[in-house]
Amino acid sequence: MDDTLILGGETLSSRLILGSGKFADTATMIAAVKASGTGLVTVALRRFNPDQPTDDLMGPLMAIPGLKLMPNTSGARDAKEAVKAAYIARELCGSRFIKVEIHPNPHHLLPDPIETYEACRILAADDFIVMPYMPADPVLAKRLEEVGVASVMPLGAAIGTGHGMATREMIEIIIRDSHVPVIVDAGLRAPSEAAAAIEMGCAAVLVNSAVAASDHPVGMAEAFKEAVAAGWKAWCSGLMPTSETAVATSPLTSFLGS
Amino acid sequence: MDDTLILGGETLSSRLILGSGKFADTATMIAAVKASGTGLVTVALRRFNPDQPTDDLMGPLMAIPGLKLMPNTSGARDAKEAVKAAYIARELCGSRFIKVEIHPNPHHLLPDPIETYEACRILAADDFIVMPYMPADPVLAKRLEEVGVASVMPLGAAIGTGHGMATREMIEIIIRDSHVPVIVDAGLRAPSEAAAAIEMGCAAVLVNSAVAASDHPVGMAEAFKEAVAAGWKAWCSGLMPTSETAVATSPLTSFLGS
Amino acid sequence: MDDTLILGGETLSSRLILGSGKFADTATMIAAVKASGTGLVTVALRRFNPDQPTDDLMGPLMAIPGLKLMPNTSGARDAKEAVKAAYIARELCGSRFIKVEIHPNPHHLLPDPIETYEACRILAADDFIVMPYMPADPVLAKRLEEVGVASVMPLGAAIGTGHGMATREMIEIIIRDSHVPVIVDAGLRAPSEAAAAIEMGCAAVLVNSAVAASDHPVGMAEAFKEAVAAGWKAWCSGLMPTSETAVATSPLTSFLGS
Amino acid sequence: MDDTLILGGETLSSRLILGSGKFADTATMIAAVKASGTGLVTVALRRFNPDQPTDDLMGPLMAIPGLKLMPNTSGARDAKEAVKAAYIARELCGSRFIKVEIHPNPHHLLPDPIETYEACRILAADDFIVMPYMPADPVLAKRLEEVGVASVMPLGAAIGTGHGMATREMIEIIIRDSHVPVIVDAGLRAPSEAAAAIEMGCAAVLVNSAVAASDHPVGMAEAFKEAVAAGWKAWCSGLMPTSETAVATSPLTSFLGS
Amino acid sequence: MAVHISLNDKNHDLPDGATVARLLAGFSPQPKGIAVVVNGGIVPKAAYETTKLTDGDQVEVLTFAGGG
Amino acid sequence: MAVHISLNDKNHDLPDGATVARLLAGFSPQPKGIAVVVNGGIVPKAAYETTKLTDGDQVEVLTFAGGG
Amino acid sequence: MAVHISLNDKNHDLPDGATVARLLAGFSPQPKGIAVVVNGGIVPKAAYETTKLTDGDQVEVLTFAGGG
Amino acid sequence: MAVHISLNDKNHDLPDGATVARLLAGFSPQPKGIAVVVNGGIVPKAAYETTKLTDGDQVEVLTFAGGG
């Protein structure tokens with residue numbers, strides 16, 4: 001029951017990856033990150049605005065011992081833009097992790113399989129630890145594995161919907177076939193769903209809205225931490241088999257007959 | 001976020017209730033009970049066989065500090081037999097808890113609503129802490145509440161099937177209407193399902209096969225313990241709202257345009 | 001593939017039972033009834049208001065050749081009231097069919113198992129064709145069968161919610177065990193759900209809101225008619241087995257290799 | 001309520017597309033095709049074996065009035081092979097329809113998004129009516145639309161599994177965004193599932209195993225025909241809205257009070 | 001002289017000696033498809049003419065409405 | 001002389017004048033955690049010594065087993 | 001003299017000067033609904049008579065089978 | 001004399017001979033955690049002092065924001 005997760009040679013102590021968006025303020029985000037026990041936090045690039053200096057995000061995050069950053073390429077509409085974003089992000093924070101996220105449609109924010117594949121191919125060849133946000137597409141997962149991604153991150157549902165693991169059927173096939181860790185990214189709403197993902201064989205989950213948009217992000221971060229730990233213990237302990245018919249747990253001897 | 005559950009005036013420190021059936025041996029059962037952190041364990045009545053003295057169950061269970069026993073009436077085919085079993089069980093262990101379990105059909109072990117109602121009415125009037133295993137029937141739940149049960153325990157699915165919370169739609173209504181704690185009993189297979197039950201407002205879950213029939217009952221007991229804790233924290237922290245459309249977590253500004 | 005359904009000795013030519021409530025006007029209701037091809041229509045009792053004479057419902061309904069009426073006991077809060085309503089309804093229209101419907105809670109309109117059982121017991125003994133609206137409770141279904149109901153009508157979901165067959169797991173068990181026809185009553189929204197009910201072994205479905213609250217009740221009635229027929233043909237033709245793994249339908253020979 | 005479906009300029013009188021594989025013999029297949037009312041049947045290429053001349057398939061199929069053939073590219077492992085297969089198939093039967101089906105993995109037979117995209121791009125530019133079997137991936141669907149496919153055919157589940165519309169969440173998004181007809185291909189098992197696909201806005205469904213591997217393929221073909229018709233009528237008639245709470249269909253006035 | 005009855009929970013007056021048939025005849029238009037309950041007991045159609053109503057009688061007149 | 005009782009639905013003989021306590025004393029090892037029902041009535045522990053068993057008594061001795 | 005071709009990946013001999021038409025004529029019964037590919041190029045039906053096959057040609061003859 | 005550059009798609013003027021370092025020095029408070037892209041190429045931190053900006057340069061200054 002070793003809880004260690006290795007991604008691209010980097011060892012993570014938690015199977016929970018946390019996004020840093022949508023929090024009310026940086027202090028809450030940092031508190032939630034700490035409460036979650038995560039070792040990997042996603043961040044996004046944006047243009048620096050000299051007139052509206054906002055909180056420094058990287059400083060407090062990097063002050064958390066053992067925490068690694070995983071920049072994403074959000075905003076990129078094609079492979080070329082994503083690759084550019086990846087290099088900028090690496091320059092910015094020095095992390096080899098890159099979450100490739102190419103979603104041309106702002107309405108559903110779903111990933112483009114063609115551009116994602118192309119960007120991953122390029123970045124994996126230049127020493128990035130490539131983590132693609134991708135449709136729950138088993139063949140695409142395999143092709144991404146072949147070009148050297150460190151994990152595949154199929155979506156459970158569209159970002160921010162909280163519809164859970166709506167793509168479960170396909171994720172099961174991805175897990176069965178994959179030689180790299182499978183991480184459910186996007187769609188999860190409840191800690192129970194994170195536990196279910198791990199129970200079915202996912203190596204980790206990535207959540208953001210589920211924590212940031214809850215009533216109490218710090219408490220919710222803790223709930224996810226425990227749920228992921230529970231899911232991992234369950235996976236290691238082997239769930240009972242299901243049965244089409246009932247199976248008694250108590251003796252049924254008619255000991256009370258008249 | 002007070003995790004205390006009060007049933008019939010008795011305070012329980014855990015929202016997990018564990019059954020003691022189906023374990024490979026008493027030692028494993030006791031180890032699983034301890035690992036689960038539960039404060040309430042179900043036991044069943046059977047005839048004493050002088051020729052095959054088996055392990056004493058009650059001794060080691062009652063040696064666990066703070067643990068309470070909840071005998072069930074398994075084997076009873078009607079209200080009269082269940083009431084008789086309840087009195088015998090109270091004589092045997094002194095516990096006021098009684099799990100009323102009347103399932104006339106050994107194939108599906110599903111509860112009889114008419115006999116269950118009648119037995120609960122009688123037992124609640126004589127100072128038992130009545131905990132009925134029942135169909136996921138909102139009106140029956142209300143009627144049981146009216147005759148004084150301490151909780152209602154609708155089934156998620158048939159005992160031992162591991163089909164999870166197949167009756168979710170009805171359990172949601174029971175929770176909405178109930179003034180007594182609602183406890184999902186039977187059907188759960190995975191810790192994630194236990195967490196989901198608590199997240200939706202159940203006060204506790206009762207599992208047995210899910211732990212006893214897993215590959216590693218002690219590890220699985222721990223997984224359920226953590227899952228229930230995670231579910232409770234999630235419930236207290238307020239799950240994010242679901243959304244029909246995607247909601248971005250990262251800025252989408254086109255900062256990378258050519 | 002004989003499509004005939006026999007209930008209490010009465011032969012029905014359709015496996016669709018239609019409710020007559022909620023329609024915009026009587027003309028639309030009558031047109032929908034005709035389009036549906038149903039042979040059995042439910043009606044409710046209400047007080048006659050001399051100051052607001054409304055459309056006569058019974059006249060046009062009974063003018064449809066072969067159509068039978070099934071009054072319900074809606075409004076009854078207990079067995080006694082339901083029995084009284086049944087006798088009044090029989091006096092009114094002469095039909096032996098009675099839909100026993102006892103739902104004390106106007107918020108969820110879910111049936112009371114205890115009162116329903118008692119009313120059915122009394123009415124079945126006095127030559128009614130008793131059709132109980134009931135919770136999806138397998139043991140209750142069996143007990144109702146034992147007191148002589150002509151069918152059992154478990155709910156798919158609460159009346160008017162359109163949540164479909166949320167109680168599927170329990171309805172499957174009811175079908176497996178029942179010696180009387182099983183009819184899903186309440187909750188269905190779409191013709192596909194009606195087809196699915198028949199495919200799984202239900203003898204018929206009862207819908208009302210799904211037709212009356214659709215945009216075009218007459219077209220929807222026709223859709224339900226065809227869906228029920230399709231479901232029945234599917235049931236008779238034996239659905240393909242499911243498979244955990246893919247099974248090719250086309251030859252996979254590598255005939256195109258270079 | 002015009003039931004006509006236009007694909008690539010060709011008018012089809014049915015929203016059911018049938019595969020011709022897996023039938024016990026050609027006679028059964030032809031009978032099922034006729035019973036289904038379909039206007040479009042898929043066929044696969046294979047090598048001619050002079051020593052084992054088998055039934056001529058094309059002759060009897062093309063003798064059915066109004067029926068069009070849609071060859072598939074099954075067996076192709078990449079875009080190049082699929083394009084080659086398409087040209088061979090067009091030479092063979094003269095049909096402009098081509099089902100692009102590129103599934104490199106014989107275990108799950110799931111489509112390759114990259115190769116499928118490339119093959120569709122090439123074929124759409126040379127006057128084929130391109131019908132890609134594809135993962136339920138909304139962005140891929142849009143990109144295929146942009147290169148000129150006549151429809152998109154996302155999978156409901158893996159071929160031959162009969163797991164139904166497991167990818168529903170994604171297919172809903174594809175339907176919402178698509179300007180070409182959306183056709184669910186693969187995974188469907190029951191006529192009710194076909195009806196549900198049409199009800200949610202699919203233009204058609206493609207089934208093969210569901211008919212060929214049923215107990216009575218001709219009866220099942222008829223069931224699918226009626227289910228698709230029912231689904232279309234339902235879609236045209238506007239399903240009732242769902243409701244979180246119950247909505248009565250009968251008057252609840254307490255007319256029976258004492 | 002009048003008979004004071006309760007009709008569907010509302011006060012209603014009838015001439016002395018009135019029967020169920022007389023009560024129904026007072027409605028316009030004539031109700032079709034109704035059942036009559038007097039003091040909890042169903043009055044068969046055949047007895048409308050002969051069933052006299054007296055002071056304090058609880059009369060319910062029921063009909064069918066659309067229902068599911 | 002012997003007393004013929006039914007113990008958990010099987011015939012069982014005891015010496016004349018035997019009590020519930022005597023019955024239980026005959027078991028080896030001594031059962032822990034049991035309840036005794038004689039002719040449908042529960043015998044409290046305190047009454048084991050004083051409850052005599054007579055011919056035809058239906059005795060049930062019950063204990064706990066694992067159960068869910 | 002003979003021409004050695006590959007027919008659907010198997011060796012096949014034809015008389016010298018044989019055409020696609022000649023190849024197909026050798027099959028019994030006569031195949032219906034086929035397409036012929038020679039060295040990767042589709043041979044239109046109209047060219048069966050005029051397309052000569054020579055040593056080493058890769059010939060594929062394809063037909064339709066049931067498929068989904 | 002001034003240099004006219006585009007900074008994050010907005011016009012921005014700098015004194016003649018200005019470097020990336022000079023550009024950044026003009027911000028208050030001093031930005032932490034930024035990356036600089038000039039005409040599509042990333043400027044390493046080590047080159048801030050030596051990278052001169054000239055008329056028409058497209059400069060992007062980027063930083064991290066919360067993201068999922």
Side-chain angles (χ1 to χ4, degrees), chain B residues 17-26 28-30 33 41-51 53-62 69-75 80 84-85 87-95 99 101 109 133 159-160 185-186 206-213, chain F:
Chain B
I17 305 176
L18 201 63
S20 60
K22 271 193 190 171
F23 284 89
D25 50 51
T26 300
T28 305
M29 186 271 285
I30 293 294
V33 166
V41 169
T42 55
V43 290
L45 282 176
R46 66 164 176 77
R47 287 176 164 180
F48 176 73
N49 183 345
D51 302 326
T54 47
D55 286 356
D56 172 31
L57 208 79
M58 201 166 74
L61 278 174
M62 297 190 71
L69 292 191
M70 175 161 69
N72 68 33
T73 65
S74 180
K80 201 181 145 209
K84 182 178 166 192
Y87 279 98
I88 293 172
R90 186 157 74 178
E91 169 67 21
L92 228 165
C93 68
S95 172
K99 174 175 167 180
E101 181 175 352
L109 303 170
Y133 167 60
I159 294 174
D185 180 6
L206 194 167
V207 295
N208 187 339
S209 304
V211 169
Chain F
M1 287 281 292
V3 177
H4 306 287
I5 67 166
S6 155
L7 173 62
N8 287 349
D9 272 353
K10 291 184 185 164
N11 293 330
H12 195 85
D13 289 350
L14 288 172
D16 206 14
T19 59
V20 167
R22 172 66 199 260
L23 169 69
L24 299 178
F27 299 148
S28 167
Q30 280 298 295
K32 283 178 272 184
I34 55 157
V36 179
V37 180
V38 176
N39 301 329
I42 298 171
V43 182
K45 281 190 178 57
Y48 284 179
E49 295 285 352
T50 55
T51 303
K52 290 223 165 71
L53 296 171
T54 57
D55 263 10
D57 275 353
Q58 304 283 328
V59 181
E60 289 174 286
V61 180
L62 298 155
T63 185
F64 281 139

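Letters A, B, ... are given to chains in the order of the sequence lines, protein chains preceding strands, and every chain is numbered from 1. Remember, it's a predicted structure, so these values are computed and weren't measured experimentally.
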Side-chain contact, heavy-atom cut-off 4.5 Å: F:V37 with B:K84? yes
Tell me the closest heavy-atom pair linking B:E91 and F:V43, and the distance in Å. OE2-O, 4.0 Å
B:A44, B:G21, B:A89, B:G19: which one forms the most heavy-atom pairs within less than 4.5 Å of chain F? B:A44
Do B:L45 and F:F64 come within less than 4.5 Å of each other through their side chains, counting heavy atoms only? yes
Tell me, yes or no, whether the heavy-atom count around F:N11 atom CG, taken from other residues, nucleotides or ligands under 6.0 Å, exceeds 12. no
Which atoms of F:K10 come close to chain B, meaning under 4.5 Å heavy atom to heavy atom: side chain ones, backbone ones, both, or neither? neither
Would you mind checking which part of F:I42 comes under 4.5 Å of any heavy atom in chain B, side chain (CB onward), backbone (N, CA, C, O), both or neither? side chain
Under 4.5 Å, counting heavy-atom pairs only, tell me which of B:L18, B:V207, B:V43, B:I159 racks up the most with chain F. B:V43
Dump the intermediate steps for side chain to side chain contact (heavy atoms under 4.5 Å, CB included) on B:R46 and F:L62, then the final yes or no. CA-CA 6 Å; B:R46 66 164 176 77; F:L62 298 155; over 6 Å; no
Give the member of B:I17, B:T26, B:L69, B:T42 that has the highest number of heavy-atom pairs under 4.5 Å with chain F. B:T42
Name the region of B:M58, side chain, backbone, both or neither, that has any atom closer than 4.5 Å to a heavy atom of chain F. side chain
Quick check on F:K32: does its NZ atom have over 12 non-hydrogen neighbours (other residues, nucleotides or ligands) under 6.0 Å away? no
Between B:L206 and F:G68, what is the shortest heavy-atom contact and its length? CD2-C, 4.5 Å
For F:V36, is it the side chain, the backbone, both or neither that has a heavy atom under 4.5 Å from a heavy atom of chain B? neither
Which distance, rounded to the nearest 0.5 Å, do you find between the OG1 of F:T63 and the CG of B:N49? 11.0 Å
Quick check on B:L57 against chain F: is it the side chain, the backbone, both or neither that has a heavy atom closer than 4.5 Å? side chain
Quick one: are B:R47 and F:V61 in side-chain contact, heavy atoms under 4.5 Å? no
Which atoms of B:K22 approach chain F - backbone, side chain, both or neither, heavy atom under 4.5 Å: neither
